[in-house]
Asks: 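Have a look at this one.
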Amino acid sequence: GNSVTQMEGPVTLSEEAFLTINCTYTATGYPSLFWYVQYPGEGLQLLLKATKADDKGSNKGFEATYRKETTSFHLEKGSVQVSDSAVYFCALSAYSGYSTLTFGKGTMLLVSP
Amino acid sequence: SAVISQKPSRDICQRGTSLTIQCQVDSQVTMMFWYRQQPGQSLTLIATANQGSEATYESGFVIDKFPISRPNLTFSTLTVSNMSPEDSSIYLCSVSAGQDTGELFFGEGSRLTVL
């Protein structure tokens, strides 16, 4: 079956530090990959996505590259801000008539001034 | 994008009672999905709700515990029946962003605490 594994948190960083949150996946076929973000007290929002190998998704300074050879989709940001503090979920979608998402457990990011 | 409204946003419930969560979408959608997010855990798909047919439940979830209604293309309800403290979770309604995109839009969730 499909599964997503991401690094456990919390990840604690100082403002302007470099961020990496690791995500690897197991899936049959060629899934689409996503990063969702959940800010405190809010619902999930799509942060970025990639639909095929070697695609790079980017948004708000965050980037992730779909690496088929390593089955990975690591999230990176060069300089984090306090406002980036949130829980980040890696997910995959394996379309089979309709799309459902398989999520990782989420990684909490805490950024201090 | 779709705007998804859920009610209630949060509630505190007594053991043994049932609660119905409503999900309203601002556009017509074929499928709606209900997820559960237990404390400190990831999101787990409970069921997929198609308008005009019975909901399809994932392994570990049954209709008697989580009955779902889908009366039209913009609305769905999820009932959590005979609640126990283990049902304390955030329940999220979601819809597809479009065929073949794989992306989902989520409501803000309904946070239930069962005492």
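Letters A, B, ... are given to chains in the order of the sequence lines, protein chains preceding strands, and every chain is numbered from 1. This one's a predicted model, so the numbers in the text were calculated from it and none came from an experiment. Just so it is clear, the values below take in all heavy atoms, side chains as well, and ignore hydrogens, waters and symmetry mates.
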Asks: To the nearest 0.5 Å, how far apart are CG in A/L46 and CZ in B/F106?
Replies: 9.5 Å
Asks: Does anything in residues 85-93 of chain B reach chain A? List residues with heavy atoms under 4.5 Å apart, or say none.
Replies: B/L92
Asks: Is there a path from A/V4 to A/Y66 through hydrophobic residues (I, L, V, M, F, W, Y) whose side chains come within less than 4.5 Å of each other?
Replies: yes
Asks: Should B/I21 and B/F75 be counted in the same cluster of Ile, Leu, Val, Met, Phe, Trp and Tyr side chains packed under 4.5 Å apart?
Replies: no
Asks: I'd like to know whether CD of B/Q51 has more than 12 heavy-atom contacts from other residues, nucleotides or ligands below 6.0 angstrom.
Replies: yes
Asks: So with a 6.0 Å cut-off around CD of A/E15, is the heavy-atom count from everything else above 12?
Replies: yes
Asks: For chain B, find which of A/E42, A/Q6, A/Q38, A/M108 contributes the most heavy-atom pairs closer than 4.5 angstrom.
Replies: A/Q38
Asks: I'd like to know whether NZ of B/K65 has more than 12 heavy-atom contacts from other residues, nucleotides or ligands below 6.0 angstrom.
Replies: yes
Asks: Taking side chain as everything from C-beta outward and backbone as N, CA, C, O, which of these in A/L44 sits under 4.5 Å from a heavy atom of chain B? Side chain, backbone, both or neither.
Replies: both
Asks: Within a reach of under 6.0 Å around CD of A/Q45, are more than 12 heavy atoms found that belong to other residues, nucleotides or ligands?
Replies: yes
Asks: Side-chain heavy atoms under 4.5 angstrom apart, residues restricted to Ile, Leu, Val, Met, Phe, Trp, Tyr: same cluster for B/L43 and A/Y25?
Replies: no
Asks: Do you know the tightest heavy-atom contact between A/F89 and B/Q37?
Replies: CZ-NE2, 3.3 Å
Asks: Answer yes if A/L33 and A/F62 sit in the same cluster of Ile, Leu, Val, Met, Phe, Trp and Tyr residues linked by side chain heavy atoms under 4.5 Å apart, and no otherwise.
Replies: yes
Asks: Would B/L104 and A/Y36 satisfy side-chain contact (heavy atoms from CB on, under 4.5 Å), going step by step from the backbone distance to the final call?
Replies: CA-CA 10 Å; B/L104 295 181; A/Y36 279 81; 3.9 Å; yes
Asks: Heavy atoms only, distances under 4.5 angstrom: which of A/G106, A/A91, A/G104 has the most pairs with chain B? Name it, please.
Replies: A/G104
Asks: Hydrophobic clusters here meaning ILVMFWY residues chained together by side-chain heavy-atom distances under 4.5 Å, can you tell me if A/L47 and A/V87 are in one?
Replies: no
